[in-house]
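Heads up: the structure comes next, in structure tokens.
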Amino acid sequence: MGKRRSVPDTDATPSSRKKKKTPSGEKSLGSAEVCSSDFSIAWKALPSNRTGVGLSGFSVSVGQRIRRKNKQGMWKSVAVHCTDDPDGGLVVRVSVCDPDWEAPIQIAELRSRPDDLSCFTPLGCNLDHVRLGERH
């Protein structure tokens with residue numbers, strides 16, 4: 001699930017505003033990963049799709065030390081992805097990963113439409129379990 005580093009990414013420091021391309025081709029405002037012997041946390045911020053100013057998305061993943069096939073290693077077990085959809089919706093998706101599963105499973109999707117005056121639902125919550133490879 002990506003390259004693991006034990007120190008923050010140098011391109012994420014305030015002195016460097018160099019935008020990096022992510023594997024999906026999006027430009028990243030910054031990213032970092034910090035690891036201890038038991039846990040790791042990684043984050044990535046993406047620029048706004050609408051204005052080019054601010055964030056269009058933010059991802060955080062948490063890893064933990066596991067034992068599998070009599071070997072220890074880090075496994076990114078939880079991910080939170082926040083996106084600013086082109087239709088104006090704001091979406092937070094929470095997914096979990098297990099090394100024995102074929103794909104991560106989304107366990108929660110929280111959606112708001114703060115700029116839609118006709119929307120009377122402040123926050124929509126979907127707690128259905130969805131394999132991320134099957135999501136449309």
Side-chain angles (χ1 to χ4, degrees):
M1 289 195 70
K3 186 176 179 183
R4 289 169 172 75
R5 291 181 292 274
S6 60
V7 295
D9 186 338
T10 56
D11 285 339
T13 62
S15 63
S16 173
R17 291 293 180 202
K18 179 181 174 184
K19 292 183 181 179
K20 298 182 300 179
K21 292 236 179 187
T22 65
S24 62
E26 300 166 312
K27 290 184 179 181
S28 172
L29 288 176
S31 64
E33 183 165 342
V34 178
C35 298
S36 73
S37 60
D38 295 327
F39 297 98
S40 70
I41 186 165
W43 65 267
K44 176 176 57 176
L46 301 172
S48 175
N49 291 329
R50 290 188 230 163
T51 63
V53 177
L55 298 177
S56 69
F58 194 82
S59 296
V60 176
S61 63
V62 177
Q64 63 194 79
R65 186 166 48 101
I66 64 168
R67 177 178 299 277
R68 185 172 188 223
K69 297 181 180 175
N70 212 21
K71 292 184 181 179
Q72 288 190 23
M74 281 295 204
W75 182 260
K76 290 189 179 178
S77 53
V78 176
V80 178
H81 300 284
C82 307
T83 57
D84 179 1
D85 283 351
D87 69 354
L90 302 176
V91 183
V92 176
R93 291 183 177 96
V94 179
S95 59
V96 293
C97 246
D98 185 293
D100 294 331
W101 298 347
E102 290 182 25
I105 294 178
Q106 175 183 293
I107 60 170
E109 179 182 273
L110 309 166
R111 183 177 294 269
S112 66
R113 300 186 55 77
D115 297 330
D116 184 354
L117 298 177
S118 65
C119 181
F120 296 112
T121 305
L123 187 65
C125 299
N126 180 351
L127 300 178
D128 292 340
H129 291 185
V130 179
R131 283 199 180 151
L132 293 181
E134 298 175 355
R135 189 167 36 116
H136 302 156

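What you see is a predicted model; the values in this text were computed from it and never measured.
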Which heavy atom in Ala42 sits nearest to a heavy atom in Lys76, and how many Å separate them?
-> CB-NZ, 4.1 Å
Arg131 to Ala103 - nearest heavy-atom pair and separation | CD-CB, 4.5 Å
Main-chain N/O of Asp100 paired to Asp98 side chain as donor or acceptor, under 3.5 Å | yes
Find the distance between CE (Met74) and OG (Ser40) and round it off to the nearest 0.5 Å.
-> 4.5 Å
Is the backbone N or O of Arg68 less than 3.5 Å from a side-chain atom of Trp75, with the two atoms forming a donor-acceptor pair by type?
-> no
Heavy-atom side-chain contact between Leu127 and Ile107 under 4.5 Å | no
Heavy atoms of Gly88 and Pro114 approach each other most closely as O-CD, 4.2 Å
Given side chain to side chain contact (heavy atoms under 4.5 Å, CB included), test Val92 with Val80 step by step and report yes or no.
-> CA-CA 7 Å; Val92 176; Val80 178; 3.8 Å; yes
Could you go step by step and tell me if Gln106 and Val96 meet the side chain to side chain contact (heavy atoms under 4.5 Å, CB included) rule?
-> CA-CA 6 Å; Gln106 175 183 293; Val96 293; over 6 Å; no
For the pair Thr121 (side chain) and Gly124 (backbone), establish whether a donor and an acceptor sit closer than 3.5 Å, ignoring hydrogens and angles.
-> no
salt_bridge(Glu33, Lys44) N-O dist < 4.0 Å | no
Would Ile105 and Leu132 satisfy side chain to side chain contact (heavy atoms under 4.5 Å, CB included), going step by step from the backbone distance to the final call?
-> CA-CA 6 Å; Ile105 294 178; Leu132 293 181; over 6 Å; no
For the atom pair CG (Leu110) and CG (Leu123), what is the distance rounded to the nearest 0.5 Å?
-> 5.5 Å
Mind listing the side-chain donor-acceptor pairs of residues 57-67 below 3.5 Å, one per line with the distance, residues two or more places apart or on another chain?
residue : atom : partner : partner atom : Å
Ser59   : OG   : His81   : ND1          : 2.9
Gln64   : OE1  : Ser77   : OG           : 2.9
Arg65   : NE   : Ser37   : O            : 3.2
Arg65   : NE   : Asp38   : OD1          : 2.9
Arg65   : NH1  : Gln72   : OE1          : 2.6
Arg65   : NH2  : Asp38   : OD1          : 2.6

Give, for atom CD of Glu109 and atom SG of Cys125, the distance between the pair rounded to the nearest 0.5 Å.
-> 10.0 Å
